[in-house]
A.B. asks: 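Structure below; questions to follow.
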Amino acid sequence: MAVMKVIEVLSSSKESWEDATQNAVSQASKTVKNIKSVYVAEQSAVVDGDKVTEYRVNLRLTFEIK
């Protein structure tokens, strides 16, 4: 039987919410092994004038404890 753990991670990107999500997974995987899934809990953006300048995600990473 697998034992899973969930951690909350915040990330941002100048490109997109998808890129912010990938940045979070890439950075977390440097120290967290066996990542199995990601759940994006919240999305937000920073706006400057009439342009979106930064995309932000609050997500939960699930990984298996071995």
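One is the number of the first residue; the rest follow in order along the sequence. None of these values were measured; they are calculated from a predicted model. These values consider heavy atoms only, across backbone and side chains, with no hydrogens, waters or symmetry-generated copies.
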A.B. asks: With rounding to the nearest 0.5 angstrom, report the CD to CD distance, Q43 to E18.
C.D. replies: 7.5 Å
A.B. asks: Hey, could you give me the OH/OG1 distance between Y39 and T62, rounded to the nearest 0.5 Å?
C.D. replies: 11.0 Å
A.B. asks: Is there a path from V3 to L61 through hydrophobic residues (I, L, V, M, F, W, Y) whose side chains come within less than 4.5 Å of each other?
C.D. replies: yes
A.B. asks: Going only through I, L, V, M, F, W and Y residues with side-chain contacts under 4.5 Å, is there a path from V32 to V40?
C.D. replies: yes
A.B. asks: Could you state the interatomic distance from CG (D19) to NZ (K14), rounded to the nearest 0.5 Å?
C.D. replies: 12.0 Å
A.B. asks: Could you list the residues that satisfy side chain to side chain donor-acceptor pair (under 3.5 Å) with T21, not counting sequence neighbours?
C.D. replies: none
A.B. asks: Are the side chain of W17 and the backbone of S44 linked by a donor-acceptor contact shorter than 3.5 Å?
C.D. replies: yes
A.B. asks: So, taking the atom named OH in Y55 and the one named OG in S13, what distance separates them when rounded to the nearest 0.5 Å?
C.D. replies: 8.5 Å
A.B. asks: Do I7 and F63 have side chains that approach each other closer than 4.5 Å (heavy atoms only, starting at C-beta)?
C.D. replies: yes
A.B. asks: Can you confirm whether N34 sits close enough to K66 that some side-chain heavy atom of one is under 4.5 Å from a side-chain heavy atom of the other?
C.D. replies: yes
A.B. asks: Any side-chain heavy atom of V47 sitting closer than 4.5 Å to one from T53?
C.D. replies: no
A.B. asks: What pair of heavy atoms forms the shortest contact from K36 to M4, and how long is it?
C.D. replies: CG-CE, 3.5 Å
A.B. asks: The criterion is side chain to side chain donor-acceptor pair (under 3.5 Å); which residues satisfy it with E8, sequence neighbours excluded?
C.D. replies: N58
A.B. asks: Grab the two heavy atoms, one from I35 and one from V25, that are nearest each other, plus how far apart they are.
C.D. replies: CD1-O, 4.3 Å
A.B. asks: Evaluate the side-chain proximity of S29 to K33: yes if any heavy-atom separation is below 4.5 Å, no if none is.
C.D. replies: no
A.B. asks: Partners of E54 by side chain to side chain donor-acceptor pair (under 3.5 Å), sequence neighbours excluded?
C.D. replies: S12, R56
A.B. asks: Whether the side chain of S11 engages the backbone of A20 through a donor-acceptor N/O pair (distance < 3.5 Å, no angle test) should be reported.
C.D. replies: yes
A.B. asks: Would you compute the distance between atom CZ of R60 and atom CD of E42 and round it to the nearest 0.5 angstrom?
C.D. replies: 8.0 Å
A.B. asks: Using the rule that two of Ile, Leu, Val, Met, Phe, Trp, Tyr join whenever any of their side-chain heavy atoms come within less than 4.5 Å, decide whether V57 and V6 are in one cluster.
C.D. replies: no
